[in-house]
Amino acid sequence: MRWLPGPGSGWAGRGLRLGLAVAAAALLIQALRGWASSRRFEFEPEEIARLAKHHAGLDHELAFAKIIVELRRKHPGHVLPDEDLRWVFVNAGGWMGSMCLLHASLSEYVLLFGTAVDTGGHSGRYWADIYDTVISGTFRQWKEGTTKSEIYYPGDTIVHSSGEVTSVQWSAGTWMVEYGRGFIPSTLTFALADTIFSTQDFLTLFYTLRVYAKALVLEANTYFSSTSQ
């Protein structure tokens, strides 16, 4: 006799599939963390924070120019040339800022970030650790599970660990140096979501993907040049 599924079997099947999906996601996250921790990194978060803090309080454009020169001196072949440096809008989590990518690979990035207007929203939840050092202005953060916010000033470094989420707020004229380490492509889904589904500013989308691709090509060229010597 043919077996007929009971009334609860559909829910049981969905529950099983959901459980398997959650388990697979957990294994993927652990694998990505293991991959990231075993990588050799070009930059160190303490290095970027120390360099940014040294120039904190200066006019942000002057500070950024000095930081770029110093990074190129210490990491030749790993910082994009001037012709590829471009300020690109970022719409994510309800806020709007602008970023200038200096370096990016699959496992880390360095960029300049800030806003000329007051803005705020959702930080995003990433598979990466993110470090921001304030050059000018103020940054306010409200962490998940708390009832009070914290405010940061020039010279302060904010650490956003993998898996964390916060509410974020920048005052007009806040500019920062940001370093990220982890599975960097995973951050693009959040960074580009509002651009794709809200603003539909596809030219900005193109600029963002193009500069990331140029950074990856630069890293590949530097890697193959060093191995061929």
Side-chain angles (χ1 to χ4, degrees), residues 25-26 28-30 32-37 39 41-53 55-56 60 63-64 67 71 88-115 118-171 173-195 208 212 215:
L28 178 60
I29 291 172
Q30 287 300 112
L32 288 173
R33 284 179 174 173
W35 169 80
S37 63
R39 298 273 298 173
F41 298 102
E42 178 65 28
F43 298 86
E44 291 297 329
E46 296 81 10
E47 170 200 5
I48 302 299
R50 185 167 55 249
L51 178 60
K53 184 175 182 178
H55 297 292
H60 68 275
F64 288 161
I67 289 168
L71 288 176
V88 179
F89 278 139
V90 181
N91 289 90
W95 48 262
M96 184 173 184
S98 187
M99 68 99 178
C100 179
L101 188 67
L102 305 182
H103 164 88
S105 66
L106 295 177
S107 58
E108 59 182 340
Y109 69 81
V110 181
L111 57 80
L112 312 175
F113 177 82
T115 175
D118 296 328
T119 190
H122 192 287
S123 68
R125 199 186 298 266
Y126 308 107
W127 292 356
D129 297 323
I130 297 175
Y131 306 80
D132 286 285
T133 301
V134 182
I135 296 294
S136 64
T138 57
F139 172 75
R140 185 181 292 272
Q141 180 176 250
W142 172 25
K143 290 188 176 182
E144 180 182 28
T146 70
T147 58
K148 294 182 179 180
S149 65
E150 297 175 282
I151 190 167
Y152 298 88
Y153 300 94
D156 292 339
T157 297
I158 307 96
V159 181
H160 186 101
S161 299
S162 175
E164 287 186 348
V165 67
T166 69
S167 173
V168 291
Q169 183 182 67
W170 297 267
S171 63
T174 299
W175 300 95
M176 322 167 82
V177 181
E178 181 169 299
Y179 172 74
R181 173 180 288 188
F183 184 56
I184 301 309
S186 70
T187 65
L188 290 175
T189 54
F190 173 78
L192 297 176
D194 282 6
T195 300
T208 304
Y212 184 49

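Keep in mind the model is a prediction, meaning the values are calculated, not measured.
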Measuring from [X]:[atom1] to [Y]:[atom2], what's the distance to the nearest 0.5 Å?
{"X": "Asp129", "Y": "Arg181", "atom1": "CG", "atom2": "CZ", "result": "8.5 Å"}
{"X": "Leu71", "Y": "His103", "atom1": "CG", "atom2": "NE2", "result": "10.0 Å"}
{"X": "Tyr126", "Y": "Ser186", "atom1": "OH", "atom2": "OG", "result": "9.5 Å"}
{"X": "Gln141", "Y": "Thr166", "atom1": "CD", "atom2": "OG1", "result": "4.0 Å"}
{"X": "Tyr212", "Y": "Thr187", "atom1": "OH", "atom2": "OG1", "result": "7.0 Å"}
{"X": "Trp142", "Y": "Ser123", "atom1": "CH2", "atom2": "OG", "result": "12.0 Å"}

Using side-chain heavy atoms (C-beta onward) and a distance below 4.5 Å, is [X] in contact with [Y]?
{"X": "Ser105", "Y": "Ile184", "result": "no"}
{"X": "Leu101", "Y": "Thr208", "result": "no"}
{"X": "Glu178", "Y": "Ile130", "result": "yes"}
{"X": "Val177", "Y": "Phe64", "result": "yes"}
{"X": "Asp132", "Y": "Phe139", "result": "no"}

Checklist entry - Does a salt bridge link Lys53 with Glu46, judged by any charged N lying under 4.0 Å from a carboxylate O? => result no
Does [Y] offer a backbone N or O that forms a donor-acceptor pair with the side chain of [X] under 3.5 Å?
{"X": "Arg125", "Y": "Gly163", "answer": "yes"}
{"X": "Trp127", "Y": "Ser162", "answer": "no"}
{"X": "Ser149", "Y": "Arg140", "answer": "no"}

Quick one: closest heavy-atom pair of [X] and [Y], and the distance?
{"X": "Met176", "Y": "Thr174", "result": "CG-CG2, 4.2 Å"}
{"X": "Phe43", "Y": "Glu108", "result": "N-OE1, 3.4 Å"}
{"X": "Ser136", "Y": "Pro154", "result": "CA-CG, 3.9 Å"}
{"X": "Ala56", "Y": "Gly155", "result": "CB-N, 3.4 Å"}
{"X": "Gly124", "Y": "His160", "result": "O-NE2, 3.3 Å"}
{"X": "Val90", "Y": "Ala191", "result": "CG1-O, 4.1 Å"}

Next on the checklist: Quiz question: by atom type and distance under 3.5 Å, do the side chains of Thr133 and Thr157 form a donor-acceptor pair?
Outcome noted: yes
Checklist entry - With distance as the sole criterion, is a donor-acceptor pair present between the side chains of Tyr179 and Glu44 under 3.5 Å? => result no
Next on the checklist: Using the rule given for side-chain contact (heavy atoms from CB on, under 4.5 Å), can you reason through Trp95 versus Val168, listing the C-alpha separation, both sets of side-chain angles and the distance that settles it, and then say yes or no?
Outcome noted: CA-CA 9 Å; Trp95 48 262; Val168 291; 4.0 Å; yes
Checklist entry - Given Ile135 and Leu112, is the side-chain contact (heavy atoms from CB on, under 4.5 Å) satisfied, shown in steps? => result CA-CA 10 Å; Ile135 296 294; Leu112 312 175; over 6 Å; no
